Amino acid sequence: MKAYWVKTHRIIKKLFPNYVWDIPNNDNKIYLTFDDGPTPEITQWVLNQLEQYNAKATFFCIGKNIEQHPEIFNEVIKKGHGIGNHTQNHLNGWKTITNEYLENIETCETTISNLKSEISILQSKTFRPPYGKIKAAQAKKLRQQGYKIIMWDVLSADFDQSITKEECLNNVLSNTQSGSIIVFHDSLKAFKNLEYALPKVLQHLAENHFSFETIK
């Protein structure tokens, strides 16, 4: 039995209403997101795929990866995509004391801000907890600091190496609707499934008159 839901249950959304699970609209707008980058070659490949469909996405970046690959991070921003905070070191909130967790997020935010300022990009503060695991006290503090905590409606499960690439594709296509926030990963671990699924997701959804927007 898998330890995750591909489609986030409506009961979960009601239990945690202060998190952003989807962005309802009547305009067939959906929200692609990519976690854990920037990653050499893979993030650039993702950017190339998105560009073919004039699709915008939101990249939830790990601070240490930004520091190691600032040129890729800058390319994401120059292409008009959104940036979100994914902690400095991909911390599990459930396993981290609150002060340490918040300090790690602030370190990542400083890394993001320092580079964003070089090309004059301004946007709201968005945060996605790694693994989707965050304590109530941590979330409350972040909201007080002005963060939007972005979860998801559809999980591609591209990170799950036990599923086939066809299953990964079906996870997205069979569960996406207007307003869905969809999670992919621009990481080495996920690339086998991502490489197969993302082009087909973009093609199918574009042909069905969906548009791809950033989270603000």
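Keep in mind that the numbers below use all heavy atoms, side chains included, and drop hydrogens, waters and symmetry copies. Note that this is a predicted model, so its numbers are computed, not measured.
Between Asn104 and Gln88, the closest heavy-atom pair is OD1-N, 2.7 Å. Pro70 approaches Glu67 most closely through the heavy-atom pair CD-O, 3.4 Å. The two residues Thr58 and Ile215 come nearest to each other via the heavy atoms OG1-N, 2.9 Å. Across Ser178 and Phe210, no two heavy atoms sit closer than the pair N-CE2, 3.8 Å. Taking every heavy atom of both residues into account, Val76 and Thr43 meet most closely at CG2-CG2, 3.8 Å. Scanning all heavy atoms of the two residues, the minimum distance from Ile83 to Cys61 falls at CD1-SG, 4.3 Å.
Using a 4.5 Å heavy-atom threshold, the side chains of Leu32 and Phe184 count as touching. Between Asp22 and Tyr31, every side-chain heavy-atom pair lies at or beyond the 4.5 Å cut-off. Side-chain contact check for Phe59 versus His86: every heavy-atom pair is 4.5 Å or farther apart. Put simply, the side chain of Phe73 does not reach to within 4.5 Å of the side chain of Asn65, judged on heavy atoms. Taking the side chain as every heavy atom from C-beta outward, His185 and Leu194 never approach each other to under 4.5 Å. The shortest distance between side-chain heavy atoms of Lys14 and Ile11 does not fall below 4.5 Å. Side-chain contact between Met151 and Lys13: absent, with no pair of heavy atoms (C-beta onward) separated by less than 4.5 Å. Contact of the Leu202 side chain with the Gln52 side chain is not registered, since no non-hydrogen atoms from C-beta on lie closer than 4.5 Å.
Atom CD in Gln68 sits 9.5 Å away from atom CD1 in Ile62 (nearest 0.5 Å). To the nearest 0.5 Å, atoms OG1 (Thr107) and CD1 (Ile112) are separated by 11.0 Å. Here the CG atom belonging to Asn85 is positioned 11.0 Å from the CD1 atom belonging to Ile149, to the nearest 0.5 angstrom. Lys141 contributes atom NZ, which lies 12.5 Å from atom CD1 of Ile105 (distance to the nearest 0.5 angstrom).
With Ser156 contributing its side chain and Val183 its backbone, the two residues share a donor-acceptor pair below 3.5 Å. For the pair Lys7 (side chain) and Asn175 (backbone), a donor-acceptor distance under 3.5 Å is present. With Glu100 contributing its side chain and Ile97 its backbone, the two residues share no donor-acceptor pair below 3.5 Å. Side-chain N or O atoms of Asn25 include one that pairs as donor or acceptor with a backbone N or O of Asp27 at under 3.5 Å. The backbone N or O of Ser211 sits nowhere less than 3.5 Å from a side-chain atom of Lys56 that would complete a donor-acceptor pair. Of the possible polar contacts, one joining the Asp160 side chain to the Ser162 backbone as a donor-acceptor pair under 3.5 Å is found. Checked by atom type and distance alone, the side chain of Lys192 never pairs as donor or acceptor with a backbone atom of Thr164 at under 3.5 Å. Under the 3.5 Å distance criterion, the side-chain polar atoms of Lys135 are matched with a main-chain donor or acceptor of Thr96. Without hydrogens or angle criteria, Ser180 side chain to Gln177 main chain gives a donor-acceptor distance under 3.5 Å. The backbone N or O of Thr33 lies less than 3.5 Å from no partner atom in the side chain of Asp35, so there is not a single donor-acceptor pair.
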Worked check of side chain to side chain contact (heavy atoms under 4.5 Å, CB included) between Lys140 and Asn18 = CA-CA 9 Å; Lys140 182 178 180 180; Asn18 291 320; over 6 Å; no

Decide yes or no on ring pair (Phe, Tyr, Trp, His ring centres under 6.0 Å) for Tyr131 and His90, but give the supporting numbers first.
-> CA-CA 9 Å; Tyr131 316 102; His90 205 258; 4.7 Å; yes

Intermediate values then yes/no, side chain to side chain contact (heavy atoms under 4.5 Å, CB included), Ile181 and Arg128 | CA-CA 12 Å; Ile181 296 173; Arg128 173 173 286 157; 3.6 Å; yes

For His209 and Asn28, run side-chain hydrogen bond (donor to acceptor under 3.5 Å, both in side chains): C-alpha distance rounded to whole Å, both residues' side-chain angles, the deciding distance at 0.1 Å, then the answer.
-> CA-CA 7 Å; His209 310 293; Asn28 269 6; over 6 Å; no

Give the intermediate values and the outcome of side chain to side chain contact (heavy atoms under 4.5 Å, CB included) for residues Leu198 and Phe34.
-> CA-CA 11 Å; Leu198 182 59; Phe34 296 87; 4.0 Å; yes

Criterion side chain to side chain contact (heavy atoms under 4.5 Å, CB included) on Asn171 and Ile163, from CA distance to verdict | CA-CA 10 Å; Asn171 285 344; Ile163 69 169; 3.9 Å; yes

Please lay out, stage by stage, how Thr39 and Asp186 fare under the test side-chain hydrogen bond (donor to acceptor under 3.5 Å, both in side chains).
-> CA-CA 7 Å; Thr39 307; Asp186 51 335; 4.9 Å; no

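Note: the hydrophobic cluster containing Ile12 does not contain Trp94 (ILVMFWY, side chain heavy atoms under 4.5 Å, direct or indirect links).
Using cut-offs of 30° and 60° on the angle between ring planes, the pair His9 and Trp5 is tilted. Taking the six-membered ring where tryptophan is involved, the planes of Trp152 and Trp21 are perpendicular, since the angle between them exceeds 60° and thus also 30°.
Gln44 and Asn48 are linked by a side-chain donor-acceptor pair at a separation below 3.5 angstrom, with hydrogens and angles left out of the test.
By the 4.0 Å N-to-carboxylate-O rule, Lys189 lies too far from Asp36 to be salt-bridged with it.
The cationic atom of Lys125 (NZ for Lys, CZ for Arg) lies less than 6.0 Å from the six-membered ring centre of Tyr147 and within 45° of the ring axis.
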